[in-house]
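Everything on this sheet refers to the single structure shown next.
Keep in mind the model is a prediction, meaning the values are calculated, not measured. Any value given below was found using the heavy atoms of this structure, including those in side chains, with hydrogens, waters and symmetry copies removed.
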Amino acid sequence: MPSLIAIPLGLLSSLLLGLNTIFWCTPLFILSLVKLVLPFQAARAAIDPWLNRIAKSWIACNSAWIALINRAPWDVQGLEQLKPGGWYMVNCNHQSWVDIFVLQKIFNRRIPFLKFFLKQELIWVPVIGVAWWALDFPFMRRHGKAALRKNPALRHQDMETTKRSCARFALAPTSVMNFAEGTRFTADKHQRQESPYRHLLKPKSGALALAVNILGEKFRALLDVTLVYPDGVPTYWDLACGRVGRVIVRVHERAIPAEFVEGDCIEDSVLRKRFGAWLQALWEEKDREIDALQAAACQGARCR
């Protein structure tokens with residue numbers, strides 16, 4: 001898209017995103033205050049579905065302007081058998097902030113509202129941080145290795161905080177979303193990690209194992225998502241300017257092995273290693289799938 005059009009379009013898109021967020025966050029905050037004043041399970045059971053409806057409406061409006069200005073085709077497969085009334089664990093490779101918009105767009109109203117594991121610091125993001133808190137997103141306080149060596153009790157403190165957040169998901173159907181890499185992929189991070197995968201960083205199993213520990217019997221399945229941008233990884237500004245390019249998404253519904261659901265993947269070191277090995281096997285398959293999708297997308301087309 002010509003830069004003379006792209007820049008005003010990007011500014012207009014960002015303005016629409018901001019206005020849409022303020023519009024839907026206003027009733028969200030009002031209901032959240034009611035829930036805060038009435039901290040009873042009956043009140044939560046009545047209010048939480050309305051909070052989720054508001055969040056889904058916010059996503060639907062965002063998805064509308066994204067579809068309107070980004071005309072490159074989206075190739076999405078694997079959504080046909082999904083159910084909006086069950087619990088899911090969702091895992092995806094992570095390349096850009098655009099990933100979140102893509103996942104919200106393809107899954108909105110097909111599965112329960114996506115709730116991400118977030119770093120504790122993100123609660124201070126203006127407006128949206130409070131919205132995440134109101135919607136019971138799990139905030140994880142990740143201490144560094146030096147701090148954990150000095151005070152090992154911090155590890156259990158982090159775990160208990162996350163457990164309390166995840167326990168609330170048992171009250172209503174929820175999709176627990178996690179980027180197992182823990183951060184966005186870059187060539188520099190890939191090199192520093194000495195990652196054994198071509199297109200992925202090493203996966204971290206902690207958040208997924210904790211979610212399985214708490215909600216394992218409720219999860220219908222793991223939704224293993226592979227996301228590829230064959231025309232180059234876009235930034236938020238690319239999204240706002242309508243120049244994301246093609247988007248390829250493959251969703252694989254996978255059963256969670258019974259041993260992980262029935263056991264304790266956190267305290268049982270042997271089971272924890274098996275869970276990590278299971279995730280690594282999925283990552284190896286995902287790496288091969290990205291290779292194949294990129295190769296197919298580049299046949300007859302010029303990829304950046």
Side-chain angles (χ1 to χ4, degrees), residues 74-96 98-117 138 166 169 173-185 190 195-230 233 247-261 265 271-297:
W74 286 33
D75 176 6
V76 182
Q77 297 180 19
L79 302 178
E80 299 77 18
Q81 304 302 317
L82 302 183
K83 307 291 184 184
W87 280 257
Y88 287 100
M89 184 165 68
V90 184
N91 189 33
C92 182
N93 58 305
H94 194 16
Q95 303 168 79
S96 165
V98 175
D99 301 348
I100 296 174
F101 287 96
V102 171
L103 293 171
Q104 288 179 332
K105 185 176 186 299
I106 67 169
F107 284 131
N108 194 35
R109 294 176 176 149
R110 292 181 181 272
I111 62 175
F113 180 63
L114 285 173
K115 296 189 178 179
F116 298 81
F117 284 92
C166 289
F169 299 161
T174 305
S175 299
V176 182
M177 173 68 211
N178 185 56
F179 292 112
E181 292 160 295
T183 184
R184 286 165 285 170
F185 178 97
H190 184 266
S195 173
Y197 313 102
R198 288 191 61 192
H199 308 285
L200 303 165
L201 302 178
K202 296 177 182 178
K204 300 175 181 178
S205 61
L208 288 173
L210 185 59
V212 171
N213 252 26
I214 299 169
L215 296 169
E217 293 182 356
K218 287 187 174 291
F219 284 133
R220 293 179 62 91
L222 166 71
L223 299 184
D224 183 21
V225 184
T226 300
L227 180 55
V228 175
Y229 302 103
V233 177
V247 177
I248 300 175
V249 186
R250 294 292 181 268
V251 181
H252 304 284
E253 189 170 346
R254 305 188 189 278
I256 301 172
E259 64 173 331
F260 304 143
V261 174
C265 295
L271 196 60
R272 186 168 63 245
K273 289 179 181 178
R274 289 180 184 170
F275 188 91
W278 175 65
L279 182 59
Q280 288 171 13
L282 294 179
W283 233 236
E284 290 169 4
E285 184 175 339
K286 186 183 297 293
D287 205 41
R288 292 192 294 269
E289 183 174 43
I290 293 172
D291 250 342
L293 291 172
Q294 286 186 341

Point to revise | Which atom of Lys83 lies closest to which atom of Tyr88, heavy atoms considered | key: N-OH, 2.9 Å

Check your understanding: Is there a donor-acceptor contact under 3.5 Å from the side chain of Trp283 to the main chain of Asn93?
Key -> no

Check your understanding: Got a sec, which residues hit side-chain hydrogen bond (donor to acceptor under 3.5 Å, both in side chains) with Asn91, two or more places apart in sequence or on another chain?
Key -> none

**Study point:** Candidate pair Arg250 and Asp224, rule salt bridge (Lys or Arg N to Asp or Glu O under 4.0 Å), full reasoning
**Key:** CA-CA 8 Å; Arg250 294 292 181 268; Asp224 183 21; over 6 Å; no

Exercise for review: Rounded to the nearest 0.5 Å, what's the gap from CZ on Arg198 to CG on Asp291? Could you check?
Suggested key: 4.0 Å

**Study point:** Stepwise side chain to side chain contact (heavy atoms under 4.5 Å, CB included) check, Tyr229 with Asp99
**Key:** CA-CA 10 Å; Tyr229 302 103; Asp99 301 348; 2.6 Å; yes

Check your understanding: So, for Gln294 and His199, which heavy atoms are closest and what is the spacing to 0.1 Å?
Key -> OE1-CE1, 3.3 Å

Practice item. Mark yes or no for whether Ser195, through its side chain, and Leu200, through its backbone, hold a donor-acceptor pair below 3.5 Å. Key: yes

**Study point:** Qualifying residues under ring-ring contact (aromatic ring centres under 6.0 Å, His included), relative to Trp278, sequence neighbours excluded
**Key:** Phe260, Phe275

Point to revise | Side-chain H-bond candidate by donor/acceptor type, His252 with Glu285, under 3.5 Å | key: no

Check your understanding: Between the side chain of Lys286 and the main-chain N/O of Val225, is any donor-acceptor distance below 3.5 Å?
Key -> yes

Study note, to complete from the structure: Between Leu227 and Gln95, the two heavy atoms sitting closest are O-NE2, 2.8 Å

Exercise for review: Might you confirm whether atom CD of Glu284 has over 12 heavy atoms from other residues, nucleotides or ligands at distances under 6.0 Å?
Suggested key: yes

Practice item. Grab the two heavy atoms, one from Asn213 and one from Cys265, that are nearest each other, plus how far apart they are. Key: OD1-N, 3.0 Å

Point to revise | Spacing of Arg220 atom CZ and Met89 atom CE [to the nearest 0.5 Å] | key: 14.5 Å

Only pairs under 3.5 Å count here: list side-chain donor-acceptor contacts from residues 100-115, not counting sequence neighbours, and write none if there are none.
unit_1 : atom_1 : unit_2 : atom_2 : d
Asn108 : ND2    : Lys56  : O      : 3.1
Arg110 : NE     : Ile106 : O      : 3.4
Lys115 : NZ     : Leu135 : O      : 2.8

Practice item. To the nearest 0.5 Å, tell me how far Leu279 CG sits from Lys202 NZ. Key: 13.5 Å

Review point. Can you check whether Val176 reaches Phe219 side chain to side chain, under 4.5 Å on heavy atoms?
Key: yes

Review point. Just how far is it from atom CD of Glu217 to atom CH2 of Trp87, taken to the nearest 0.5 Å?
Key: 12.0 Å

Practice item. Taking all heavy atoms of Lys204 and all of Glu181, pick out the closest pair and write down the distance. Key: CE-O, 4.0 Å

Revision key, fill the gap. Nearest heavy-atom contact between Pro230 and Ile248 is CG-CD1, 3.9 Å

Review point. With a 4.5 Å heavy-atom cut-off, do Asp75 and Leu293 have their side chains touching?
Key: no

Practice item. Test Thr174 against Leu215 for side chain to side chain contact (heavy atoms under 4.5 Å, CB included), laying out the working first. Key: CA-CA 10 Å; Thr174 305; Leu215 296 169; 6.0 Å; no

